[in-house]
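Protein chains get the first letters and strands the later ones, always in sequence-line order, with residue 1 at the start of each. The shown structure was predicted, so the numbers you read here are calculated from the model rather than taken from an experiment.
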Amino acid sequence: MLQLQVLRTRAEWVKERLAVKRFQKMELVDQVVQLDDQRRRLQAEFDQQQSQVNTWSKEIGQLMAKGERDAAEEKKQAVAALKAGLDPLKKQLQETDAQLQDILLQLPNLPAAEVPEGKTPEENVVVRTGGTIPELAEGCLPHWDLASKYGLIDFEIGNKVTGSGFPFYRGKGAKLQRALIQYFLDFNTASGYEEFLPPYLVNADSGFGTGQLPDKEGQMYFMPEDGYYLIPTAEVPVTNVYRDVLLKSTDLPIKMTAYSPCFRREAGSYGKDVRGLNRLHQFEKVEIIQLVRPENSHQVLDEMVAHVEKLVQSLELPYRILRLCGGDMGFASAITYDFEIYSTAQQRWLEVSSVSNFESFQANRMKCRFKDEEGKTQFVHSLNGSSLALPRIVAGILENHQTVDGIKVPAVLQSYMGMATIQ
RNA sequence: GGUGAGGUGGAUGAGUGGCUGAAAUCAACGGUUUGCUAAACCGUCGUACGUCCUUAAAGAUGUACCGAGGGUUCGAAUCCCUCCCUCACCGCCA
């Protein structure tokens, strides 16, 4: 959620920034400013009258104590008259405030200054590439064929037991999942991230805090009996650890990492994009999250990008890093870097990580603040990134490390896998 | 799922209709004392949204908040209703 203060004082600038994100409903900005103005007027009036009511109520108490019943009765009537006018005013104030909140929730975060213009994924900017795309032998296979050749993943059984997008991993495939999760967590904790294992169901307040709700509930699985949502990423439960918390400045930065399965309905996805591991309803992911002082967040974002880059490099995969353009960025993000690895057999890039700085957008929704040295409370900045998402990493490992003798296991994974080659 | 007891400020915990935004203790912060540490003493010590004042900071002031939402009352932390949560015991169970 954008800070009202910014909207109030810099409405035109906000519109310029939102234009970079290709935001359509620009009139909402003016509505916020207008509703805010109205709310303040109403509150001033309400406060003043309520104050009078409170004063008189106290006086009634004093009159009663002195036994001056008639004078008290007289005052009671005066209060009653005043309150008759106060109720509609209170209602109006509440309605205005509700409208204001409703519109505030519809405004996406403002893109940072270095976010490139653009509308579609094609306009994202490649900031770096790394690794080398291997020359594969004749007859190389896409990962779904490799997965069945070596008995690693069973899509058909998943289909029967649950539905499409819910594969079974088995044998060395299952072990590879476990190895990757453990390697990623070890890598992250070695950099000072505290490990969490969160609940996989969250309540609506948490979905609201990180920005999935109210608009994107269609992307999450929902349990109506209990009012819980299956998490689409560990970001949701872990970031919400600090919902409604007032931190000390010495508590920052807070660095957290968590493995969790991720559940996504992916309504509206279809076609070749969903083949094999490219797009699933349930997948494994390890996430890193930081809560930091506002002045540090841009530097921390760079550090997190560098952290993820080292991880991708260690898996010996060809990759590139994109800075997302305004039109391709998420609702809550101020700036996002995507990591993609090259799927050599499919000859396309697959997103394996997305690292974002949300600045105060989530913190404002979550009311996560800290007291600075001057004793002023301000919102923290929140950041997160995948480190890493498993399925496409697995696809990349299978395709890029395939040989006639089997799949070469990257050196960093061999001790976790207990083997150098998957045969 | 059943029964019972509870949810008060960073923590413990008092408070059954007005003088309680809330005692007391602890923690925290600032200071005095001190060779250092400790102790002692003095002071400060909730949040949100407004208004006034100010270039701003500071300051003054109003309203709201004692799990959430409603209700009774001139007046509610305190009484009533609904919901949520926690704890204990029972049932069930990885």
Side-chain angles (χ1 to χ4, degrees), chain A residues 1-10 32-105 197 199-209 213 223-229 237 240-252 254 261 291 360 363-380:
Chain A
M1 193 158 68
L2 296 176
Q3 291 181 248
L4 202 47
Q5 178 69 12
V6 176
L7 286 153
R8 197 185 285 164
T9 54
R10 306 176 70 186
V32 164
V33 173
Q34 190 220 321
L35 282 166
D36 173 55
D37 196 54
Q38 191 182 329
R39 195 203 81 226
R40 282 150 69 198
R41 280 206 318 274
L42 287 168
Q43 190 185 333
E45 199 183 334
F46 174 83
D47 282 358
Q48 196 199 337
Q49 293 197 34
Q50 182 62 249
S51 174
Q52 184 61 257
V53 169
N54 291 346
T55 308
W56 282 350
S57 291
K58 266 181 197 157
E59 286 170 12
I60 290 168
Q62 286 158 1
L63 289 170
M64 302 278 267
K66 280 189 269 177
E68 297 178 31
R69 295 201 152 249
D70 291 347
E73 279 306 320
E74 214 171 287
K75 205 125 227 176
K76 272 193 197 183
Q77 293 195 356
V79 173
L82 190 53
K83 282 196 74 178
L86 204 52
D87 284 341
L89 191 59
K90 184 180 181 183
K91 205 175 164 199
Q92 211 185 340
L93 177 59
Q94 285 171 338
E95 276 168 12
T96 305
D97 197 47
Q99 278 177 43
L100 180 61
Q101 290 303 319
D102 181 62
I103 294 179
L104 271 176
L105 288 176
L197 203 156
Y200 303 151
L201 294 157
V202 292
N203 59 29
D205 284 345
S206 294
F208 179 89
L213 297 175
M223 328 285 282
E225 288 280 302
D226 303 288
Y228 296 150
Y229 295 84
N240 274 283
V241 165
Y242 287 96
R243 171 153 52 80
D244 290 319
V245 171
L246 182 54
L247 294 155
K248 286 178 284 194
S249 63
T250 49
D251 294 332
L252 301 174
I254 288 164
L291 303 177
S360 63
N364 192 6
R365 286 176 159 241
M366 291 198 304
K367 295 190 175 41
C368 177
R369 297 153 300 162
F370 75 100
K371 241 187 179 86
D372 65 21
E373 284 69 17
E374 283 94 54
K376 262 180 71 178
T377 51
Q378 40 176 325
F379 290 117
V380 302

Next on the checklist: Taking CD in A:Gln101 as the centre, count heavy atoms belonging to other residues, nucleotides or ligands within less than 6.0 Å. Is the count above 12?
Outcome noted: yes

Checklist entry - Do A:Ser360 and A:Val380 come within less than 4.5 Å of each other through their side chains, counting heavy atoms only? => result no

Next on the checklist: Please give the distance between the P atoms of B:G71 and B:U47 as a whole number of Å.
Outcome noted: 30 Å

Checklist entry - Across all strands, who's sitting opposite B:A58 as a Watson-Crick or G-U wobble pair, both distances under 3.5 Å? => result none

Next on the checklist: So for atom CZ, which belongs to A:Phe379, do other residues, nucleotides or ligands contribute more than 12 heavy atoms lying within a distance under 6.0 Å?
Outcome noted: yes

Next on the checklist: Roughly how many Å apart are B:C89 and B:A64, using the C1' atom of each and rounding to a whole number?
Outcome noted: 40 Å

Checklist entry - Atom CG of A:Asp87 and atom C1' of B:G70: how far apart are they, to the nearest Å? => result 14 Å

Item to check | Closest non-hydrogen atom pair, A:Arg39 against A:Leu93 | outcome: O-CD1, 3.7 Å

Checklist entry - Is there a Watson-Crick or G-U wobble partner for B:U3 with both distances under 3.5 Å, and which nucleotide is it? => result B:A88

Checklist outcome for this item: From CD of A:Gln52 across to C1' of B:U61 the rounded distance in Å is 15 Å

Checklist entry - Can you tell me how far P in B:C74 sits from the matching atom in B:U8, rounded to whole Å? => result 31 Å

Item to check | Lys/Arg N to Asp/Glu carboxylate O, A:Lys90 vs A:Asp87, below 4.0 Å | outcome: no

Checklist entry - Which one is paired to B:C41, where only Watson-Crick or G-U wobble pairs with both distances under 3.5 angstrom count? => result B:G31

Next on the checklist: Show me the pairs that pass side-chain hydrogen bond (donor to acceptor under 3.5 Å, both in side chains) and involve residues 42-61 of chain A, at least two apart or across chains.
Outcome noted: A:Gln43-A:Asp47, A:Gln52-A:Trp56, A:Glu59-A:Lys75

Item to check | Partner nucleotide of B:A68 by Watson-Crick or wobble geometry (both distances under 3.5 Å) | outcome: B:U82

Checklist entry - Starting at the 5' end of RNA chain B, which residue's closest nucleotide do you reach first, A:Phe46 or A:Glu59? => result A:Glu59

Next on the checklist: Rounding to an integer number of Å, can you tell me how far A:Gln92 CD sits from B:U63 P?
Outcome noted: 20 Å

Next on the checklist: For B:G21, give the paired nucleotide (Watson-Crick: N1-N3 plus N6-O4 or O6-N4; G-U: N1-O2 and O6-N3; both under 3.5 Å), or none.
Outcome noted: none

Checklist entry - Can you find a heavy atom in the side chain of A:Tyr229 that is under 4.5 Å from one in the side chain of A:Met223? => result no

Checklist entry - What is the base-pairing partner of B:U16, counting Watson-Crick and G-U wobble geometry with both distances under 3.5 Å? => result none

Next on the checklist: From NZ of A:Lys90 over to C1' of B:G69, roughly how many Å is that when rounded to an integer?
Outcome noted: 12 Å

Checklist outcome for this item: The complete set of salt bridge (Lys or Arg N to Asp or Glu O under 4.0 Å) pairs with one or both residues in residues 60-72 of chain A, sequence neighbours excluded, reads none

Checklist entry - Which value, in whole Å, describes the distance between the C1' atoms of nucleotides B:G69 and B:G7? => result 16 Å

Next on the checklist: If I take atom CG in residue A:Asp97 and atom P in nucleotide B:U63, what distance separates them, rounded to the nearest angstrom?
Outcome noted: 19 Å

Checklist entry - When the C1' atoms of B:U54 and B:U78 are considered, how many whole Å apart are they? => result 42 Å

Checklist outcome for this item: By the Watson-Crick or G-U definition, both distances under 3.5 Å, B:A48 is matched with B:U63

Checklist entry - What integer number of Å spans the P atoms of B:U86 and B:G50? => result 34 Å

Look for any protein N or O under 3.5 Å of an N or O in nucleotides 73-78 of chain B and output each such pair with its distance, or none.
unit_1, atom_1, unit_2, atom_2, d
B:C74, O2', A:Ser57, OG, 2.9
B:G75, OP1, A:Lys83, NZ, 2.3

Checklist entry - Does some side-chain heavy atom of A:Asp36 sit less than 4.5 Å from a side-chain heavy atom of A:Arg8? => result yes

Report each atom pair, protein N/O against N/O of nucleotides 79-87 of chain B, whose distance is under 3.5 angstrom.
none

Item to check | Non-hydrogen atoms of A:Leu35 and A:Thr96 that approach each other most closely | outcome: O-CG2, 3.6 Å

Checklist entry - Roughly how far apart, to the nearest Å, are B:G9 and B:A77 at atom C1'? => result 12 Å

Checklist entry - Paired with B:G9 by Watson-Crick or G-U wobble geometry, both distances under 3.5 Å: which nucleotide is it? => result none

Next on the checklist: Taking the P atom in each of B:A5 and B:C19, what is the distance between them to the nearest angstrom?
Outcome noted: 30 Å

Donor-acceptor pairs under 3.5 Å, side chain of residues 240-251 of chain A to any protein atom, not counting sequence neighbours: which ones?
unit_1, atom_1, unit_2, atom_2, d
A:Asn240, OD1, A:Arg243, NE, 2.8
A:Asn240, ND2, A:Ser206, O, 2.9
A:Asn240, ND2, A:Val236, O, 2.7
A:Arg243, NH2, A:Ser206, OG, 2.8
A:Ser249, OG, A:Glu373, OE2, 3.3
A:Asp251, OD2, A:Lys248, N, 2.8

Checklist entry - Tell me: CG of A:Leu93 to P of B:A64, nearest whole Å? => result 12 Å

Next on the checklist: Across nucleotides 46-53 of chain B, 5' to 3', mark each nucleotide with B, S or - according to how protein heavy atoms within less than 4.0 Å reach it.
Outcome noted: SSSBSS--

Checklist entry - Below 4.0 angstrom, N of the basic side chain to O of the carboxylate: do A:Arg41 and A:Asp37 qualify? => result yes

Next on the checklist: Regarding A:Asn364 and A:Gln3, do their side chains bring together a donor and an acceptor under 3.5 Å, going by distance alone?
Outcome noted: no

